[in-house]
> 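Below is a structure I'd like to ask you about.
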Amino acid sequence: QVHVVESGGGSVQAGGSLRLSCKASGPILRINTWAWRRQAPGLQRELVARISGDGSTNYADSVQGRFTISRDDPERTSYLQMDSLKPEDTAVYSCSIDYVRRGGSRSDYWGQGTQVTVSA
């Protein structure tokens, strides 16, 4: 019933920018935390950015100063603005939510991801 769908991925040259979007739908009372993660071939999945209900954010050291996470609660959407992209940013980017169901229980959900490719 609950789903999150990522969009905005693509191919860019080093130094370019992309803006990823993640939209949630379904029987959601409220979303506590949004998180973006990425996984490159042969590497472990890593946390890229997180934003909590109070607006506080966390970023991986590798993307600090270049990426910005935000949330639009009325639209049930999170954005990941990626600037000054590097080839090592190439990965599949996935979005997840920590949320409260309309019935009052807490749960989470993961999207399937969107591909980002950065060429040198």
Side-chain angles (χ1 to χ4, degrees):
Q1 296 180 6
V2 172
H3 299 281
V4 296
V5 180
E6 302 95 337
S7 62
S11 299
V12 297
Q13 292 185 322
S17 298
L18 283 174
R19 189 193 192 200
L20 306 183
S21 299
C22 182
K23 186 173 180 62
S25 61
I28 299 170
L29 180 61
R30 67 174 181 271
I31 298 173
N32 297 322
T33 302
W34 292 88
W36 287 90
R37 302 175 189 270
R38 67 185 182 186
Q39 185 169 26
L43 299 178
Q44 293 289 315
R45 185 178 62 190
E46 63 176 340
L47 177 68
V48 176
R50 179 194 295 124
I51 184 167
S52 301
D54 63 0
S56 62
T57 58
N58 297 95
Y59 297 96
D61 290 342
S62 59
V63 306
Q64 284 187 356
R66 299 188 298 119
F67 290 12
T68 303
I69 187 173
S70 61
R71 61 189 292 166
D72 184 341
D73 288 331
E75 293 295 325
R76 293 282 193 255
T77 301
S78 176
Y79 302 97
L80 184 67
Q81 177 67 43
M82 305 184 294
D83 299 318
S84 301
L85 284 163
K86 304 174 181 179
E88 48 263 48
D89 294 319
T90 296
V92 174
Y93 286 72
S94 300
C95 176
S96 67
I97 55 171
D98 176 356
Y99 70 98
V100 177
R101 296 180 180 271
R102 290 176 180 171
S105 62
R106 181 181 178 183
S107 188
D108 57 17
Y109 203 87
W110 294 78
Q112 293 186 327
T114 184
Q115 177 71 48
V116 171
T117 302
V118 184
S119 60

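From a predicted model like this one, the values you see are computed outputs, not experimental measurements.
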> Please list all pairs meeting side chain to side chain donor-acceptor pair (under 3.5 Å) that have one or both residues in residues 70-79, counting only residues at least two apart or in different chains.
Trp36-Ser78, Arg71-Asp73

> Which pairs would a plain distance check flag for residues 6-13, meaning a side-chain donor or acceptor within less than 3.5 Å of a matching protein atom at least two apart in sequence or in another chain?
{"residue": "Glu6", "atom": "OE1", "partner": "Gln112", "partner atom": "N", "Å": "3.4"}
{"residue": "Glu6", "atom": "OE1", "partner": "Gly113", "partner atom": "N", "Å": "3.1"}
{"residue": "Glu6", "atom": "OE2", "partner": "Cys95", "partner atom": "N", "Å": "2.7"}
{"residue": "Glu6", "atom": "OE2", "partner": "Gly113", "partner atom": "N", "Å": "3.3"}

> Between Ala14 and Ala120, what is the shortest heavy-atom contact and its length?
CB-CA, 4.3 Å

> Just verifying a value: how many Å separate Leu20 CG and Ser94 OG, rounded to the nearest 0.5 Å?
10.5 Å

> Between Arg50 and Asn58, is the side chain to side chain contact (heavy atoms under 4.5 Å, CB included) condition met? List the steps.
CA-CA 5 Å; Arg50 179 194 295 124; Asn58 297 95; 3.9 Å; yes

> Among side-chain atoms of Ser52 and Asp54, is any donor-acceptor pair under 3.5 angstrom?
no

> In chain order, what residues pass the salt bridge (charged side-chain N to carboxylate O under 4.0 Å, His left out) check against Glu46, with sequence neighbours excluded?
Arg38

> Do Lys23 and Val5 have side chains that get closer than 4.5 Å, going by heavy atoms?
no

> Do side-chain atoms of Tyr59 reach the backbone of Gly65 as a donor and acceptor pair under 3.5 angstrom?
no

> Do Thr90 side-chain atoms and Val118 backbone N/O form a donor-acceptor pair below 3.5 Å?
yes

> Same cluster for Trp34 and Val2 if Ile/Leu/Val/Met/Phe/Trp/Tyr side chains link at under 4.5 Å?
yes

> By side chain to side chain donor-acceptor pair (under 3.5 Å), which residues pair with Arg66, not counting sequence neighbours?
Asp89

> Would you tabulate the side-chain donor-acceptor contacts of residues 97-104 under 3.5 Å, counting partners in other chains and residues two or more places apart, or write 'none'?
{"residue": "Asp98", "atom": "OD1", "partner": "Arg106", "partner atom": "NE", "Å": "2.9"}
{"residue": "Asp98", "atom": "OD2", "partner": "Arg106", "partner atom": "NE", "Å": "3.3"}
{"residue": "Asp98", "atom": "OD2", "partner": "Arg106", "partner atom": "NH2", "Å": "2.4"}
{"residue": "Tyr99", "atom": "OH", "partner": "Arg101", "partner atom": "NH2", "Å": "3.3"}

> Can you give me the closest heavy-atom contact between Val63 and Val48, atom names plus distance?
CG2-O, 3.7 Å

> Which ring pair (Phe, Tyr, Trp, His ring centres under 6.0 Å) pairs, counting each pair once, include a residue from residues 100-120, with sequence neighbours left out?
His3-Tyr109

> What's the shortest heavy-atom distance between Ala24 and Ile28, and which atoms?
CB-CD1, 3.9 Å

> Nearest 0.5 Å, please: how far is CG in Leu18 from CD in Gln81?
8.5 Å

